[in-house]
Amino acid sequence: MGFFLTIALLVVVLGIAWRYLGSYMADVFEGRVRYLAWAERPFYRLLATSPEQEQTWKRYAGSTIIFSALFLGFGYLLLRIQGSLPLNPQHMGAVTPALSLNTITSFVTNTNWQNYGGETTMSYFSQIGVLTVQQFVSAAVGISVAITLVRGFSRRNSPTIGNFWVDITRCLLYILLPIAFVAGIILVGEGAVMTLAGPATIRDAINGVTQTIPRGPAGFMGAIMQLGTNGGGFFNVDLAHPLENPTALTNVLYICLTLSIPFALTYTFGKMVGSIRHGAALLAAMVIIFGVWVGITSYSEHTNNPAVVAAGVHSTVGNTEGKEVRFGDTSSALFNVSMTQTSDGAINSAGDSYTPMGGFGLLTGMMLGEVTPGGTGSGLYTILVYAIIAVFIGGLMIGRTPEYLGKKIQAREVKLAGLAALVMPITVLVLTAVAVSLHAGRAGPLNAGPHGFSEILYALTSQGNNNGSAFAGLSGNTAFYNVVGAIDMLLGRFAIMIPALALAGALAAKQIVPAGLGTFRTDNGMFIGLTIGVIIIIGGLTFFPAVSLGPVVEQLSHGKFF
Amino acid sequence: MTATATPVPVTPGSSTPHGVAESRSLFDREILLQSLRDSVIKLNPRVQLRNPVMFVVLVGTVVTFIEAIAKPTFFSWAITVWLFLTVIFANFAEAMAEGRGKAQADTLRRMRSETEARKLLPGGGEQRVPAAELSKGDTVVCEAGDVIPSDGDIIEGIASVDESAITGESAPVIRESGGDRSAVTGGTRVLSDRIVIRITAERGHTFLDRMIGLVEGANRQKTPNELALTILLAVLTIVFLPVVVTLDPFGHFSAIVSGARGSGTVDVVILVSLLVCLIPTTIGALLSAIGIAGMDRLVQRNVLAMSGRAVEAAGDVQTLLLDKTGTITLGNRMASAFVPVGGHSEQELASAAQLASLADETPEGRSIVVLAKERFAIRERQLEGSHEFVPFTAQTRMSGLNVDGREIRKGAADAVRRWVVEQGGTPPDELAGVVESIARAGSTPLVVADGPTVLGVIELKDVVKQGIKEKFDQMRQMGIRTVMITGDNPLTAAAIAQEAGVDDFLAEATPEAKMALIKEEQEGGKLVAMTGDGTNDAPALAQADVGVAMNTGTTAAKEAGNMVDLDSNPTKLIDVVEIGKQLLITRGALTTFSIANDVAKYFAIIPALFAATYPQLSTLNIMRLHSPTSAVLSAVIFNALVIIALIPLALRGVRFRAASASAILRRNVFIYGVGGLIAPFIFIKLIDLILVALHAY
């Protein structure tokens with residue numbers, strides 16, 4: 001499918017999703033959608049809770065942590081004993097301790113970084129019962145936390161921010177399960193494989209060889225992996241695999257699924273705070289950055305790789321190394337940008353083979369903090385953190401204690417927003433420094449020169465942002481990278497999530513100041529510009545030196561930018 | 001009208017600073033010298049620790065200093081010196097801001113120490129004690145020429161008092177026992193008569209003591225917004241620490257993978273320079289100066305804020321409660337028209353009205369005489385022959401003159417009407433209509449009668465202050481709602497409200513109604529500012545987010561409010577709001593400027609940092625700076641000099657214009673955001689050129 005046709009299709013489909021899915025999600029979380037109430041009730045009875053029993057931010061955060069910790073523990077256990085569990089036609093053995101730790105952390109944190117090849121490591125039980133389950137619940141956790149922050153703005157003088165168990169139940173029942181089910185049917189209909197029968201053996205009579213084709217429940221897993229911006233595919237090569245991404249339609253569908261919830265949540269935000277314009281402003285900030293990055297990366301991939309040119313080879317079809325011919329240069333770039341800016345992390349082409357500036361586009365897309373549009377839920381709550389900082393600086397410039405949607409941004413809010421904003425850069429930079437200083441870390445990259453540095457930086461940026469996309473070119477399944485990666489992912493998830501919940505609590509308890517002419521407008525072009533500025537400046541200023549030692553110097557080695 | 005209760009009118013809105021605010025230029029020589037001394041004293045690490053940004057610079061200076069001793073090069077010494085100057089410049093900015101306050105405090109302190117009190121003993125008799133030894137509850141006596149030793153209330157007597165020591169206003173005011181004019185302030189001087197004062201201030205807590213503390217900034221605490229900004233600056237400092245520290249391992253690794261010669265070790269001096277250039281030193285250095293200067297700007301306008309918090313709150317105010325009399329209107333009603341009735345001529349009415357007012361010494365009475373003279377050239381007549389003035393009383397509610405058998409009266413409509421009927425006359429039918437239409441226009445009707453004949457009505461108009469409507473328009477643009485508070489009836493209030501251009505009014509206001517209005521606004525999330533002077537204003541002053549008490553007001557009012565206006569000019573509330581806004585804008589603008597500066601500094605320093613490993617990075621040297629070290633030094637010098645360059649801006653505040661939030665934001669983002677992005681490119685290049693020209697390179 002043509003690049004521009006794909007973009008046109010995306011705009012239409014995502015526009016509809018923004019308006020209607022966004023509105024629907026607001027109704028779900030405000031308890032106006034009740035058609036599955038009969039299915040909700042048993043859960044509440046089991047958990048001894050009800051929608052009326054609201055939680056303070058501390059209790060909500062406690063529930064989030066307990067919930068995630070339980071899955072972390074059980075998941076680890078199940079991966080370790082998968083050899084003795086059913087649904088294991090290939091008789092896969094136990095996953096090693098370090099890899100189990102990295103993998104379960106990866107899926108609980110919605111990262112889906114994979115230091116393993118799915119079809120050669122995981123049993124069907126592990127794929128379904130551990131990994132796919134996490135793809136549902138980790139997405140639901142992210143969305144629920146984002147909703148509490150929205151409630152922080154929409155409520156006034158409220159000590160509570162919602163009930164975690166209710167939010168997560170509703171999110172799963174009304175949003176993730178139905179959409180994933182329908183999408184799964186379409187994917188399977190298009191030819192994505194969906195079976196528990198084990199690998200197929202095919203005899204190629206002409207060449208006289210026998211091939212084993214791995215199969216499994218990939219179709220439905222693909223649906224939630226994209227809808228929940230997880231990105232951890234069934235197969236090692238992820239969505240470049242023809243049995244998981246068989247047609248041009250599935251390719252576009254995968255992009256749509258990934259982008260729909262993160263973008264639509266801005267509408268949900270607008271609807272819940274009573275001003276769609278405010279949601280649209282955040283959407284605009286997301287779309288502008290997203291668009292520019294698609295432009296940079298697609299353009300770079302449409303040109304030749306300078307290293308290849310230096311070798312005297314000229315291509316007329318762009319940089320095709322590491323790409324599926326089915327998708328081509330620009331559409332592959334569009335796909336990978338969509339996946340790096342949503343914290344999804346799926347890939348349909350190898351980032352390692354991108355041109356330096358193409359790789360720059362993927363890497364820096366994540367360094368901006370996964371807010372354009374970011375992960376399910378995490379994108380919204382993180383961009384709100386940046387918006388709060390933008391409001392604070394911009395608001396001062398009009399001579400009033402800054403307010404966002406009538407909530408005064410004071411010392412506590414600045415402290416929490418600052419904390420949430422600085423965790424990711426610090427984690428990524430410090431862990432990268434550790435990796436490049438130790439022998440265990442230096443052994444990872446497969447390439448020399450700045451590209452080798454990019455490979456390490458990319459891996460830790462991807463995990464620290466809960467993205468999970470792999471640049472490839474790094475031998476990640478070592479004890480060192482498994483453990484460092486797990487730390488990276490946990491900090492990148494919970495060290496932002498908890499300040500976000502605290503922020504929700506602090507904001508919900510506040511009075512709402514009525515807006516007037518003297519109020520800093522947070523729904524117009526100036527605000528969009530300031531928010532973009534804060535996102536770019538925080539990401540840019542913190543990562544500029546590191547990036548200049550990676551893709552930038554690599555590009556400059558060949559003479560010039562572009 | 002009891003003349004004694006009226007304070008001698010104070011010139012409103014006088015433009016020259018006076019009183020505590022001795023006129024001093026921003027860069028007074030004496031203050032400059034003192035500030036230079038202070039900037040060295042402030043190097044004390046304990047002082048520096050209060051400012052996390054500058055503390056990091058100080059530590060960085062120590063690091064480069066050690067490095068410079070170990071490996072002395074021109075570069076390392078130059079960087080050390082300029083980093084040290086950065087800290088000194090920040091201290092200097094703060095010292096400059098404090099300088100004026102300190103000078104004022106010294107003047108006030110001299111005033112306090114020289115006073116002696118005549119304390120009345122319980123058993124009778126007097127004792128001379130130093131003013132500083134008086135405690136609450138003591139009674140003292142003051143006679144003409146005495147300086148009042150401490151704050152108190154007059155319990156006996158009446159006196160004219162010269163308050164110029166506090167307010168700078170030389171016209172004396174009348175103070176008397178009982179009522180709202182009984183408060184006196186220590187340090188002021190009794191000009192006439194004898195008064196007995198009960199001291200109301202604890203030792204060391206007099207108004208004068210508080211003033212000294214305030215102008216000096218002795219107990220200055222970080223205000224809520226300053227605290228929030230300090231946190232943001234700390235965040236920006238913390239995040240750049242790992243950015244810079246990790247560059248060393250990154251450099252090593254890059255050297256290994258690129259196969260370049262050398263170990264890839266990054267020069268510590270360059271790393272420290274990068275760190276100092278990236279952390280928000282500009283705003284970090286000027287932040288406290290901005291706050292102190294904001295308070296100082298209020299003092300320059302003779303307003304004392306009890307806390308910086310109140311100044312900040314003033315910028316947030318969304319509703320202004322303004323007393324009609326004295327704030328919106330001049331305070332005195334003035335005769336503006338003669339409306340004859342019953343076929344009499346206007347001149348006839350004017351002539352009678354003038355006669356009836358000749359002995360009326362109230363401002364209203366005088367204004368009638370003036371109007372008659374202006375309109376019909378009726379001169380003040382010397383009354384000859386038998387005549388008798390009839391004074392105004394609360395019972396008759398009219399005044400007048402009996403002369404040559406005529407009995408001329410002027411007064412409230414119903415009172416005069418009754419009197420006319422008693423005299424056997426019949427008020428004309430049109431009178432009621434005229435009276436009502438005048439009242440509806442917001443004016444006060446005075447009916448004039450000559451014996452049983454009603455001649456007409458004098459219109460007494462409340463005169464709205466010049467320029468006040470424009471002020472309110474500006475307020476509206478800034479999103480501030482103005483509410484007029486008046487004791488008038490709703491009809492009159494509505495008319496004046498419309499003429500003055502306020503958004504709303506509270507008529508027939510009682511202290512309770514005022515309080516209720518404030519609470520209602522606050523429950524809606526708004527911040528409210530008001531002025532007040534009477535004891536019954538005290539609860540409302542305390543409830544309001546910004547309560548400006550008039551210095552002429554009672555002790556209770558002054559203690560309830562969080563600001564005192566020494567000029568007792570309620571219109572100044574508007575200035576206070578502007579100063580509050582200006583304070584926040586200055587902080588925001590310099591923060592934006594500081595962050596925007598970082599981009600250029602990166603382009604100067606990053607190529608220099610890895611010049612050995614990756615010479616290719618020199619492409620990023622878009623300013624074409626002479627050499628890696630000259631680039632770093634230029635960036636550091638720029639970083640230091642920009643603090644000095646912005647001190648005047650920090651002290652004066654960013655120029656404030658009344659406009660909508662969006663317009664102000666656009667302007668400031670353009671000047672300080674875009675300007676902050678571009679300016680360092682130009683100046684760093686310029687400094688680099690100068691360094692080369694000086695043969696430093």
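In what follows, chains are A, B, ... by sequence order, proteins preceding strands, each numbered from 1.
Listed options A/I393, A/L549, A/T401 were ranked by heavy-atom pairs under 4.5 angstrom with chain B; first place goes to A/L549. Options B/Q318, B/K526, B/H252, B/M478 differ in how many heavy-atom pairs under 4.5 Å they form with chain A, and the most are formed by B/Q318. When each of A/V414, A/I389, A/V553 is scored by its heavy-atom pairs under 4.5 Å with chain B, the top score falls to A/V553. Among A/A417, A/G529, A/P450, A/A421, the residue with the largest count of heavy-atom pairs under 4.5 Å with chain B is A/P450. Note on B/L617, B/I664, B/T591: by heavy-atom pairs under 4.5 Å with chain A, the leading option is B/L617. Chain A forms the most heavy-atom pairs under 4.5 Å with one residue out of B/Q582, B/Q477, B/R587, and that residue is B/Q477. Contact count against chain B (heavy-atom pairs under 4.5 Å) is highest for A/T432 among A/I537, A/N524, A/T432, A/L457. Of the listed residues (B/D598, B/L609, B/L227), the greatest number of heavy-atom pairs within a distance under 4.5 Å of chain A belongs to B/D598. Between chain B and the residues A/V434, A/T542, A/V423, the largest count of heavy-atom pairs under 4.5 Å involves A/T542.
Of the two parts of B/F250, the backbone and the side chain both hold a non-hydrogen atom closer than 4.5 Å to a non-hydrogen atom of chain A. Neither the backbone nor the side chain of A/I538 comes within contact range of chain B; no heavy atom of the residue lies under 4.5 Å from a heavy atom of that chain. For a residue to count as touching a neighbouring chain, one of its non-hydrogen atoms must lie under 4.5 Å from one of that chain's; by this rule B/I238 touches chain A with backbone and side chain alike. Neither the backbone nor the side chain of B/I480 has a heavy atom closer than 4.5 Å to any heavy atom of chain A. Using a 4.5 Å cut-off between heavy atoms, B/Q522 touches chain A through its backbone atoms (N, CA, C, O) alone. Only the side chain of B/L247 comes within contact range of chain A, with at least one heavy atom under 4.5 Å from a heavy atom of that chain. Heavy-atom distances place the backbone of B/E523, and not its side chain, under 4.5 Å from chain A. For chain A, the nearby parts of B/R666 are the backbone and the side chain; heavy atoms of each come within less than 4.5 Å.
Of the inter-residue distances, the one linking B/T592 atom OG1 with A/L396 atom CG reads 8.0 Å to the nearest 0.5 angstrom. For the atom pair CD1 (B/I605) and CZ (A/F544), the distance works out to 11.0 Å, reported to the nearest 0.5 Å. In this structure, the separation between CG on B/N225 and CZ on A/R400 is 12.5 Å, given to the nearest 0.5 Å. Here A/L541 contributes atom CG and B/L236 contributes atom CG; the two are 8.5 Å apart, rounded to the nearest 0.5 Å.
Taking both residues in full, the closest heavy atoms of A/G399 and B/K581 are given as O-CG, 3.3 Å, listed atom of the first, atom of the second, then distance. Shortest non-hydrogen contact noted between A/S548 and B/I606 is OG-CG2, 3.6 Å. Across all their heavy atoms, A/G449 and B/Y614 have their closest contact at C-OH, 4.4 Å. The shortest heavy-atom contact between A/K415 and B/I231 is CA-CG2, 3.6 Å. Closest of all the heavy-atom pairs between B/S662 and A/R521 is OG-CG, 3.6 Å. Across every non-hydrogen atom of B/Q616 and A/S557, the tightest pair is NE2-OG, 2.8 Å.
The side-chain heavy atoms of A/L419 and B/V235, taken from C-beta on, include no pair separated by under 4.5 Å. With contacts defined as side-chain heavy-atom distances shorter than 4.5 Å, the pair B/L229/A/F392 qualifies. Side-chain contact between A/P545 and B/V243 is present, with heavy atoms from C-beta onward closer than 4.5 Å.
Using a 4.5 Å heavy-atom cut-off against chain B, the contacting residues of residues 439-446 of chain A are A/R442, A/P445. Against chain B, the residues from residues 402-411 of chain A that qualify, each with a non-hydrogen atom under 4.5 angstrom away, are A/P402, A/K408, A/Q410, A/A411 in number order. Below 4.5 Å, heavy atoms of chain A meet heavy atoms from B/N668, B/V669, all part of residues 668-677 of chain B. When the heavy atoms of residues 506-515 of chain A are compared with those of chain B, the residues falling under 4.5 Å are A/Q511, A/I512, A/V513, A/P514, listed by number.
Using cut-offs of 30° and 60° on the angle between ring planes, the pair B/F253 and A/F453 is tilted.
With respect to A/L429, the side-chain contact (heavy atoms from CB on, under 4.5 Å) criterion is satisfied by exactly one of B/V245, B/L241, B/V244, B/T246: B/T246. Under the side-chain contact (heavy atoms from CB on, under 4.5 Å) test applied with A/I398, the options B/L584, B/L665, B/I585 reduce to a single match, B/L665.
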